[in-house]
Number of protein chains: 2
Amino acid sequence: MPAKNTGTEALLKETAKRIFLIEGRLHATTDDIAKEAGVPRTSVHYYFRSRDLLFKQVFNEAMMDLTVRLNQVVESDLPFREKIENFIDICLTQAFAFPYMETFMVTEMINHEFKLVDKESPVKIKGLLKEIKTEMAHGTIPQTNPMHFVINLFSLITYPSLAAPLYKQIFAINSASYLKLLKERKQVILKVLFT
Amino acid sequence: MPAKNTGTEALLKETAKRIFLIEGRLHATTDDIAKEAGVPRTSVHYYFRSRDLLFKQVFNEAMMDLTVRLNQVVESDLPFREKIENFIDICLTQAFAFPYMETFMVTEMINHEFKLVDKESPVKIKGLLKEIKTEMAHGTIPQTNPMHFVINLFSLITYPSLAAPLYKQIFAINSASYLKLLKERKQVILKVLFT
DNA sequence: ATTTATTTTGACATTTTTGTCAAATTGATT
DNA sequence: AATCAATTTGACAAAAATGTCAAAATAAAT
């Protein structure tokens, strides 16, 4: 019994990810995906059964990505500041490579009632929150609900990428200039978050 | 020649705005909109000619909203700190009321190549940037490219609302708890932005 | 070379979504 | 009440998107 495994399934999934997560074309159809992958549309059904199942798989893998990254930070035992720096690096790289990942995820959650993987909370966030609390007591970061620190962190990292088309017009600057701004984000975020 | 002006046109537009900007259902069809407005779908064509023109009108009015708000701040002559406080108030209220406005706008810009209204830059942002520079010299806010201050501001205001479905799952909290967090954002943002 | 299971592909069917048109309705005006 | 234009509505047409199926092609294994 031969197992051929041509790369078609992976190719289709990668093309879908490019279209949704990188280019942000949330209204793309199975036809768009198949055409740009250079395979007939029926292959989508052969490998994924239906449009929704392809979407759900892209969603789940994006979610896995996010979860793994988060947990890497939560579970590492670096000093707090380095831990956050590390986290910013990882997430900025991700946001840069897949600017519309969160947009896609939120949209799919709304439209198809997709749930995050696993029953349990995807991230063991409690330890991190406790650590943040300690840092606040030490005066390293401003005192508020620790969840705000996490929300601030994500906002400052993610939003500039997903809203790029807007800012480019508001500031009347081209892609290259905006890209330059994005590359400066790490230092900016650190300066903002730590007192 | 009688001009009746029943409220149907406005009703359709409001329904579309609710679905897109408030509920974030970016894949909604003209049928969804008409059904929820309680009118036959042909009314959409009677008043807006086509689906795209309805979408474009919602987009343009959302853009106008954003522009007007921004310019109010840019053109007011309050002291800097009050100006920013004022701006945060206005934008948080808006983000709270229409959490998916930016998401819709970015998506439409990507999918239909919508442009922002007017040829010129929608916001007279140069004055604001200069003012931010002055504040940085005074040491009121950390020193970086002034555009980062604006980007930080928008990120901290907008992202928490549009990513609500994600955070509710990550933190494993319900809508009420998350709402409480959102209401605390103004103070948090001010604390973060000003040294 | 034949067999076998996997993969690819095109033809077709179904469903969904959008758009068109003309008839019916409405309510103000003459 | 008759007129008239704006509005509403349903029937129909067209287009777009998804899904099904069986036949053809492929490549490994006997």
Side-chain angles (χ1 to χ4, degrees), chain A residues 1-21 23-60 100 103-104 107-114, chain B residues 1-21 23-60 100 103-104 107-114:
Chain A
M1 349 147 171
K4 283 203 225 168
N5 191 16
T6 62
T8 308
E9 180 171 5
L11 174 64
L12 275 170
K13 211 185 325 186
E14 275 160 32
T15 306
K17 281 183 181 176
R18 172 172 60 74
I19 289 176
F20 293 136
L21 311 181
E23 299 177 6
R25 292 157 51 200
L26 304 187
H27 298 318
T29 66
T30 54
D31 200 44
D32 295 326
I33 297 168
K35 266 208 188 85
E36 297 187 26
V39 302
R41 197 176 48 79
T42 38
S43 291
V44 173
H45 291 94
Y46 177 69
Y47 284 107
F48 302 96
R49 308 193 64 81
S50 76
R51 171 186 177 280
D52 274 2
L53 285 176
L54 169 58
F55 280 37
K56 192 168 279 183
Q57 204 157 325
V58 171
F59 175 86
N60 282 337
Y100 299 105
T103 305
F104 173 76
T107 304
E108 291 305 306
M109 288 174 81
I110 291 173
N111 285 283
H112 303 292
E113 297 177 342
F114 284 177
Chain B
M1 353 145 168
K4 281 203 225 168
N5 191 15
T6 60
T8 306
E9 180 171 5
L11 174 65
L12 276 170
K13 208 180 335 183
E14 277 160 30
T15 306
K17 282 184 180 175
R18 172 171 61 73
I19 289 176
F20 293 135
L21 312 181
E23 299 177 6
R25 294 158 49 200
L26 305 187
H27 298 318
T29 66
T30 54
D31 200 46
D32 295 326
I33 297 167
K35 267 207 187 83
E36 297 186 28
V39 302
R41 196 177 49 79
T42 38
S43 290
V44 173
H45 291 94
Y46 178 70
Y47 283 108
F48 302 95
R49 308 192 64 81
S50 77
R51 171 189 177 277
D52 274 3
L53 285 175
L54 169 57
F55 280 36
K56 192 166 277 185
Q57 203 157 326
V58 170
F59 174 86
N60 281 337
Y100 299 105
T103 306
F104 173 76
T107 303
E108 291 304 307
M109 287 173 80
I110 291 173
N111 285 282
H112 302 293
E113 297 177 341
F114 284 178

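To find a chain, count down the sequence lines: A is the first, B the second, and so on, and within it residues start at 1.
- Atom CG of A:L54 and atom P of D:dA17 are 16 Å apart (whole Å).
- Under the 4.5 Å side-chain criterion, counting only non-hydrogen atoms from C-beta, A:T8 is not in contact with A:Y46.
- Between the side chain of B:N60 and the main chain of B:Q57, no donor-acceptor pair closer than 3.5 Å is present.
- In this structure, B:H27 atom NE2 and D:dA16 atom P are separated by 19 Å, rounded to whole Å.
- For the helix from C:dA1-D:dT30 to C:dT30-D:dA1, the terminal axes (five pairs an end, C1' atoms, rotation from four pairs onto the next four) enclose an angle of 10°, given to 10 degrees.
- Between A:L53 atom CG and D:dG19 atom C1' there is a gap of 12 Å when expressed in whole angstrom units.
- When side chains are defined from C-beta on, A:L26 does not count as touching A:E108, because their heavy atoms never get closer than 4.5 Å.
- Residues from residues 6-18 of chain B placing a heavy atom under 4.0 Å of any atom in DNA chain D, listed by number, are B:T6, B:T8.
- The shortest side-chain heavy-atom distance between A:I33 and A:F20 falls under the 4.5 Å cut-off.
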Cut-off 3.5 Å, no hydrogens considered: what does the side-chain donor-acceptor table look like for residues 36-45 of chain B, sequence neighbours left out?
residue	atom	partner	partner atom	Å
B:E36	OE1	B:R18	NH1	3.3
B:E36	OE1	B:R18	NH2	3.2
B:E36	OE1	B:R25	NH1	3.4
B:E36	OE2	B:R25	NH1	3.2
B:E36	OE2	B:R25	NH2	2.7

Pick out the pairs of N or O atoms, protein on one side and nucleotides 22-26 of chain D on the other, that lie under 3.5 Å.
residue	atom	partner	partner atom	Å
D:dT26	O2	A:K4	NZ	2.3

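- Scored by the side-chain contact (heavy atoms from CB on, under 4.5 Å) test, A:R51 finds A:T30, A:F55, A:H112 as partners (sequence neighbours excluded).
- Against DNA chain C, the stretch residues 35-50 of chain B makes heavy-atom approaches under 4.0 Å through B:R41, B:T42, B:H45, B:S50.
- Considering OH of A:Y47 and CG of A:L12, their distance stands at 8.0 Å, rounded to 0.5 Å.
- With sequence neighbours left out, the side-chain contact (heavy atoms from CB on, under 4.5 Å) criterion links B:E14 to B:A10.
- Atom CD1 of A:I33 and atom P of D:dA17 are 12 Å apart (whole Å).
- Distance B:R51 CZ to C:dT20 P: 14 Å, rounded to the nearest Å.
- Evaluation of the side-chain hydrogen bond (donor to acceptor under 3.5 Å, both in side chains) rule for B:N111 yields no partner, not counting sequence neighbours.
- With sequence neighbours excluded, no residue forms a side-chain hydrogen bond (donor to acceptor under 3.5 Å, both in side chains) with A:D52.
- With sequence neighbours excluded, no residue forms a side-chain hydrogen bond (donor to acceptor under 3.5 Å, both in side chains) with B:S50.
- An OP1 or OP2 oxygen of D:dT18 is reached within less than 4.0 angstrom by a side-chain nitrogen or oxygen of A:T30.
- When every heavy atom of A:F48 is checked against every heavy atom of A:L53, the shortest pair comes out as O-CB, 3.1 Å.
- Take A:K56 and apply the side-chain hydrogen bond (donor to acceptor under 3.5 Å, both in side chains) test, not counting sequence neighbours, and it matches no residue.
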